[in-house]
Novice: 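Take a look at the following structure, please.
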Amino acid sequence: MPRHNWKSAVPLALLVVLAFPVAALSVGFERAFHRDGQTFLVWGEDESITGEKYRVYRYTSPPDAGNLDPAKVVHDVAPGSSHALQERRQQFYEPLITNFLVDDIRDGGEELEDNQGLLVWTPKEEASAWYVITVVEGDGSERPPSGPGAIAGPIGETADPPRPIQIASIPAGEGNGAGRAWLQYMDLDSWNPTAYSYFDQDRRPVGYAFIYTVIDPMGYDGTTPHPLLVLFHGANDRATLRDEIAWNVFSLTVDDPVSCFWFGWSATHDYVADGPVPQTGPIVNYMEQQVLRAIHDVMGDPYYNIDTEQVLTSGYSMGGTASIAMAHRHGHMLAASYGAQPVTNPLVNNQPGPACPVLDPLVDNMFTHFFGNRNDQLPIEVRSPWLGADGPEMASHLEIYNGTPTWGWFDFPTLLSGPMGDFDHPLIMLDHGKLDCVVSWDNQPLPYYAALEAARIPFTAATQPIIHIWGGFAGVSPAFGPQAGSPSGDPDCEFVLFHCPSIRRDMSIPAFTDNSGNPTPPISQDGTNHFHRNILWSQPWMGDPFTGNVVDVEEGWQVTLHAVAPEAGMEAESLIVDVTPRRLQHFTPEPGEVLVYTMSPPGISDDRKSTGTLTVPAGGVFTIPAVPVTPGGTTVSIFRDSMTDVGKSWTLY
């Protein structure tokens with residue numbers, strides 16, 4: 001029995017045969033079958049003509065081949081629809097495939113031929129269906145269906161969740177585990193397939209299939225759960241196979257071949273016929289749907305033993321923008337996100353300043369290309385990917401933003417002042433270049449950092465005197481894995497961001513504001529500046545019972561903070577900072593409750609603790625003010641005022 005749940009298959013021998021005495025060569029289905037919520041139709045193209053289209057009709061009762069109903073057309077397909085254009089354009093590694101597949105390689109699947117046509121249809125309900133194929137010639141005339149296989153059916157269809165097809169196996173190397181490449185066809189019924197093909201010289205609108213790879217951790221044997229890292233590449237780049245660092249994570253790399261900032265494009269603009277700049281909207285999150293589909297499918301595959309509490313994102317430039325966008329829009333799924341030189345507000349990226357008197361137009365050009373001119377204010381529309389009739393609505397929480405102007409959809413400082421600021425967020429880590437005039441240093445990073453603080457979102461950042469180039473993981477939190485020189489440094493775990501990640505979604509984390517050790521604007525273009533990278537907070541890898549983990553129980557919350565040097569060669573200095581508990585798991589006081597907090601060096605006797613009180617405001621997010629943090633550490637505890645004799649009859653640690 002094949003691996004897939006085969007619902008119905010119609011081999012060539014069972015296809016309905018219609019014969020019409022026409023001179024032109026006939027075109028008919030060579031394969032027509034339904035599997036896992038999708039119907040796959042393959043035909044041989046007529047190579048005797050050029051400029052034609054292949055028109056596919058769908059019926060839920062036997063069709064009248066002599067009187068076809070225009071309302072039953074599901075798609076007009078250009079020649080070359082079997083060609084995997086995004087892989088054929090690959091410049092950064094050997095293409096995984098040249099043409100698409102309709103069968104998993106584990107079931108003996110092979111690539112389609114160059115002269116085969118392909119359409120994958122995603123029905124929304126259970127039904128029996130018939131499909132008819134005709135040829136529309138360059139002059140617009142339509143041949144009647146004729147020849148073997150002109151009509152296929154009945155095919156039993158379902159609304160089951162579609163499943164990806166494995167198209168390649170990737171061998172392990174010195175710096176990467178083994179991997180697999182996957183192909184997923186999206187819901188063509190709600191898709192604009194023209195955007196992918198704009199860059200193809202033949203302008204073929206076939207962009208509703210996407211490819212992604214998953215690389216295993218080094219030495220993966222399936223017994224131990226590992227984090228999942230979603231990697232986003234930069235603009236005008238392509239997905240590459242990780243082969244230089246032996247990260248202890250599954251690496252999921254999705255491809256954005258059109259550089260649409262991992263969001264999407266117009267639902268109504270024809271990028272093939274009418275050019276690259278849309279005049280009409282809405283701008284739909286097509287690319288984001290592909291990313292969400294990939295995450296959903298990988299996490300649901302039993303081969304991948306994934307720690308679902310450790311889903312991470314990372315990227316540079318356009319990929320950095322995608323990484324922080326995921327943190328803001330889908331942070332409830334994530335443990336942490338890293339964004340290297342991300343765009344934080346394209347609306348101000350055309351405003352020169354002292355650091356960038358001449359601005360690079362790259363960001364403006366890219367946004368215009370897929371989102372329309374900034375003055376057109378084309379609206380966004382967020383949709384969830386089709387995951388079957390009973391599948392989760394992975395983006396439904398964002399529907400409140402439908403109608404937002406697309407350029408403003410990336411204005412994160414403004415968005416964080418509204419409902420998005422109250423969304424569940426992971427730890428966000430960032431770096432920017434102070435000589436960067438692509439993502440303008442003059443008007444992007446610092447307002448964004450201020451907005452993160454105002455929303456009390458956990459983050460760390462670094463700004464370096466570099467242009468728009470990869471600057472390493474300069475902004476990583478010192479809490480993100482052990483490193484040499486930390487209070488409990490682990491020499492077996494290098495300080496590499498994704499070598500030994502420790503941050504978890506099911507673990508409370510502190511957000512810092514008003515850090516006296518942060519730089520004060522205006523900031524010089526010289527040297528590296530650090531934001532909240534001078535605080536190491538309780539982690540599971542810290543063995544000291546007073547610093548070993550954040551305590552988050554029904555009775556209260558506790559964290560131990562250490563002042564640390566943000567980079568090698570610097571001295572750790574004491575500081576004062578406001579601390580906001582975020583992602584509370586068990587300690588969830590109600591607005592209006594009075595809380596008591598204490599602050600002291602770790603393990604200090606009760607009578608030497610400084611004490612204060614606060615009232616939980618509306619919304620339930622509370623902040624412990626003016627916490628003194630020393631290199632030796634400060635333990636902060638907070639609990640309900642109703643707990644009497646605190647510290648003598650009860651402590652958190």
Novice: Roughly how far apart are Met420 CE and Leu398 CG, rounded to 0.5 Å?
Specialist: 6.0 Å
Novice: Assess Arg582 against Phe622: is NZ or CZ under 6.0 Å from the centre of the six-membered ring, and within 45 degrees of the ring's axis?
Specialist: no
Novice: Tell me if the centroids of the rings in His233 and Trp262 come within less than 6.0 Å of each other.
Specialist: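 Centroid distance His233-Trp262: below 6.0 Å, so yes.
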Novice: Under the side-chain hydrogen bond (donor to acceptor under 3.5 Å, both in side chains) test, which residues partner Asp360, sequence neighbours left out?
Specialist: none
Novice: Only one of Val629, Ile535, Thr623, Leu561 clears side chain to side chain contact (heavy atoms under 4.5 Å, CB included) with Val579; which?
Specialist: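 Checked Val629, Ile535, Thr623, Leu561 against Val579; only one passes side chain to side chain contact (heavy atoms under 4.5 Å, CB included): Leu561.
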Novice: Please determine whether salt bridge (charged side-chain N to carboxylate O under 4.0 Å, His left out) holds for the pair Asp301 and Arg180, giving the CA-CA distance in whole Å, both sets of side-chain angles, and the decisive distance to 0.1 Å.
Specialist: CA-CA 12 Å; Asp301 189 322; Arg180 298 188 286 177; 3.7 Å; yes
Novice: Take Arg640 and Glu593 through the salt bridge (charged side-chain N to carboxylate O under 4.0 Å, His left out) test and state the conclusion after the steps.
Specialist: CA-CA 7 Å; Arg640 292 179 172 86; Glu593 281 195 63; 3.0 Å; yes
Novice: May I ask you to check whether His328 and Phe412 place their ring centers less than 6.0 Å from one another?
Specialist: yes
Novice: Would Tyr316 and Phe232 count as a close aromatic pair, with their ring centres under 6.0 Å?
Specialist: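 Ring centroids of Tyr316 and Phe232 are no less than 6.0 Å from each other.
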Novice: Phe531 and ring-ring contact (aromatic ring centres under 6.0 Å, His included): which single residue from Phe512, Tyr448, Tyr449 fits?
Specialist: Tyr449
Novice: Rounded to the nearest 0.5 Å, what's the gap from CZ on Arg504 to OG1 on Thr308? Could you check?
Specialist: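 Arg504 atom CZ to Thr308 atom OG1 measures 8.0 Å (nearest 0.5 Å).
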Novice: State, to 0.1 Å, how close Pro617 and Pro591 come at their nearest heavy-atom pair, and which atoms those are.
Specialist: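 Distance-wise, the nearest heavy atoms are O-CB, 3.4 Å.
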Novice: Classify the angle between the aromatic ring planes of Tyr304 and Phe250 as parallel (below 30°), tilted (30 to 60°) or perpendicular (above 60°).
Specialist: perpendicular
Novice: Would you check if Thr613 and Leu595 make a side-chain contact, meaning some heavy-atom pair closer than 4.5 Å?
Specialist: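 No, too far: nothing below the 4.5 Å cut-off.
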Novice: Hey, does Tyr597 have a side-chain heavy atom less than 4.5 Å from the side chain of Val627?
Specialist: no
Novice: Can you confirm whether Leu362 sits close enough to His468 that some side-chain heavy atom of one is under 4.5 Å from a side-chain heavy atom of the other?
Specialist: no
Novice: Centroid separation under 6.0 Å, is that true for the rings of His332 and His397?
Specialist: yes
Novice: Please name the pair of heavy atoms, one in Ser538 and one in Thr560, separated by the smallest distance, quoted to 0.1 Å.
Specialist: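 That closest heavy-atom pairing would be OG-N, 2.7 Å.
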Novice: Sequence neighbours excluded, which residues qualify as side chain to side chain contact (heavy atoms under 4.5 Å, CB included) partners of His296?
Specialist: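 If we apply the side chain to side chain contact (heavy atoms under 4.5 Å, CB included) test to His296, skipping adjacent residues, the hits are Leu387, Pro392, Met394.
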Novice: If you compare all heavy atoms of Ala327 against all heavy atoms of Ser337, which two are closest, and at what distance to 0.1 Å?
Specialist: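 Looking at all heavy atoms of both residues, the closest pair is CB-OG, 3.5 Å.
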Novice: Can you measure from NE2 (His562) to CG (Leu536) and round to the nearest 0.5 angstrom?
Specialist: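 Reported to 0.5 Å precision, the distance equals 6.5 Å.
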Novice: Of the non-hydrogen atoms in Ile523 and Lys434, which two are nearest, and what is the gap between them?
Specialist: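 Looking at all heavy atoms of both residues, the closest pair is CG2-NZ, 4.1 Å.
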Novice: Between Phe367 and Phe410, how do the two ring planes meet: parallel, tilted or perpendicular, split at 30° and 60°?
Specialist: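 Plane angle over 60°, so perpendicular.
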Novice: With a 6.0 Å cut-off on the ring centroids, do Trp470 and Phe473 count as close?
Specialist: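 Yes, the ring centres sit under 6.0 Å apart.
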